[in-house]
Amino acid sequence: MKRLPALALALLVHALTLAFVGLGVWTTVVNSGLFVGWLFGGLLVAIGWMLRPRLDAGLPADAEMLDRSAAPELYGVVERVADRVGVPRPHRVAVRDLDPGARYVRTGLRRTPVLAVGLPLWLALSPRQRVTMLAVACAETPSLEEVVVDGALATLAEWRAALLGAAPLRVREEAQTKVVAASLTADHPGTGYEVAGMLGRTVGRVLGGPLLLVEYTLTRLVRSDDSRRRRRREERALRVVTASALGELEALAESGRYLAPMQAAALRGEGIASIRAGALARARLTDDGVLTAAPGSHLLHADQSDRIDEELLRHYARAVRGFGLIS
């Protein structure tokens, strides 16, 4: 079973990070009367802080938080879907103007769950497809085991960048080149900077070898477990929607065919209501050209979906102006 070796290796990496912090604090306390003790202790704590696990990238800068009072219907369907998927209810809901996807993330020190909805795709979806979009986003929430392992991989990436990715400063190299060129002697001796740089790169390669081996091993273990991760997320989403609904949304999002008609309508100067009506008509059109009733969901009825559109009207108007930037 490859889950246990991956988890054990990840915990070992996190233990190393904690060891730096603990050793730094201990060094500072024991040598509190010495400046050198504070210096080395602070350095060890700084290394531990640099190597801390990055649990989540957080919300993108372009995400705009919505107040519950301004979007009660949207908050309602998000919470109903989260309950069915089996993840904590998002405390906040945000919208993004140009990103078509939906993301369930945790932000801040308290790891507050937030769900960000991409307006370009949301505007084009039927009520049933909107539920599917939310279900997929909630199902992507990583388990505690995945958080631990992914955090260890992020820490190992920081180690690799610090030990093997550092290169001499370009400004310093240019200055050195000018000094050599201006020198009257043909043979210019190496400087302390060059010697220190060479020594640092040598130490980095010596220490970086075992770390690269650990990173390679953990990466292979995670990749071998990818199918189980995907299956777990799909099983979560299937608590809410059908497999055909998942396939339909995936095909629509990957093809991007929903976007061109809305871009054309925006260029013609059509209003949000007209753009939304056209998108719903396309969602109701079957493969053989028959116009059916708008596909709904027991978690989001058509009238509830319409009220969500009213809540997001101002955000739609702003997002539509930027549709031409999406390719």
Side-chain angles (χ1 to χ4, degrees), residues 54-83 85 87-127 129-142 249 252-253 256 258-263 265-267 269-280 283 297 299-300 303-327:
R54 273 63 170 179
L55 297 180
D56 206 313
L59 275 179
D62 63 337
E64 180 183 356
M65 292 288 191
L66 302 178
D67 292 331
R68 179 181 291 271
S69 59
E73 286 291 350
L74 179 58
Y75 270 86
V77 67
V78 165
E79 291 173 349
R80 291 192 295 272
V81 172
D83 289 343
V85 173
V87 298
R89 290 184 172 188
H91 290 194
R92 302 295 301 275
V93 176
V95 293
R96 301 184 66 189
D97 290 353
L98 301 181
D99 192 299
R103 292 178 58 195
Y104 183 107
V105 299
R106 293 181 179 272
T107 62
L109 294 176
R110 299 179 62 183
R111 314 308 300 161
T112 303
V114 178
L115 193 140
V117 177
L119 294 181
L121 183 57
W122 181 266
L123 180 59
L125 298 180
S126 67
Q129 291 171 327
R130 287 179 168 180
V131 170
T132 304
M133 180 181 181
L134 296 176
V136 170
C138 292
E140 292 289 334
T141 306
L249 180 66
L252 180 65
Y258 64 91
L259 184 60
M262 294 195 300
Q263 288 175 324
L267 290 175
E270 295 184 17
I272 300 300
S274 177
I275 294 176
R276 174 63 180 158
L280 272 179
S297 168
L299 294 178
L300 181 64
D303 57 336
Q304 294 172 321
S305 182
D306 292 340
R307 286 197 292 272
I308 291 176
D309 291 330
E310 294 174 3
E311 295 170 352
L312 299 179
L313 187 59
R314 176 174 62 87
H315 305 281
Y316 286 154
R318 184 186 61 233
V320 164
R321 291 194 293 269
F323 277 6
L325 301 175
I326 306 175
S327 58

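Keep in mind it's a predicted model, so treat the numbers as computed, not measured.
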CD1 on Ile272 to CE on Met262, rounded to 0.5 Å: 9.5 Å

Side-chain heavy atoms of Leu66 within contact of Val117, under 4.5 Å: no

Over all atoms of both residues, closest heavy-atom pair of Arg130 and Leu123: NH2-CA, 4.0 Å

Shortest non-hydrogen contact from Ala137 toward Leu115: CB-CD1, 4.4 Å

Side-chain heavy-atom pair Leu134, Arg80 within 4.5 angstrom cut-off: no

Spacing of CZ belonging to Arg96 relative to NE2 belonging to His315, to within rounding of 0.5 Å: 15.0 Å

Non-hydrogen atoms of Leu74 and Val77 that approach each other most closely: O-CG1, 3.2 Å

Matching residue for Arg92 among Asp67, Val78, Thr107 - test: side chain to side chain contact (heavy atoms under 4.5 Å, CB included): Asp67

From CG (Asp306) to CG (Leu280), nearest 0.5 Å: 7.5 Å

Residues Val114, Met65; criterion side-chain contact (heavy atoms from CB on, under 4.5 Å); working and verdict: CA-CA 9 Å; Val114 178; Met65 292 288 191; 3.8 Å; yes

Donor-acceptor pair, side chain of Tyr258 and main chain of Leu252, under 3.5 angstrom: no

Derivation and outcome, side-chain contact (heavy atoms from CB on, under 4.5 Å), residues Val95 and Tyr316: CA-CA 10 Å; Val95 293; Tyr316 286 154; over 6 Å; no

Closest non-hydrogen atom pair between Pro113 and Tyr104, with its separation: CB-OH, 3.3 Å

Side-chain donor or acceptor of Thr141 paired with backbone N/O of Cys138 under 3.5 Å: yes

Heavy-atom pair with the smallest gap, counting every atom of Arg276 and Ser126: NH2-CA, 4.5 Å

Heavy-atom closest pair, residues Ala124 and Ala279: CA-CB, 3.7 Å

Leu300 side, atom CG; Ile308 side, atom CD1 - distance, nearest 0.5 Å: 5.0 Å

Value rounded to 0.5 Å, distance of CD in Glu311 from CD in Glu73: 6.0 Å

CZ-CG distance between Arg318 and Leu312, expressed to the nearest 0.5 angstrom: 10.0 Å

Stepwise side-chain contact (heavy atoms from CB on, under 4.5 Å) test for Leu249 and Leu125: CA-CA 9 Å; Leu249 180 66; Leu125 298 180; 4.0 Å; yes

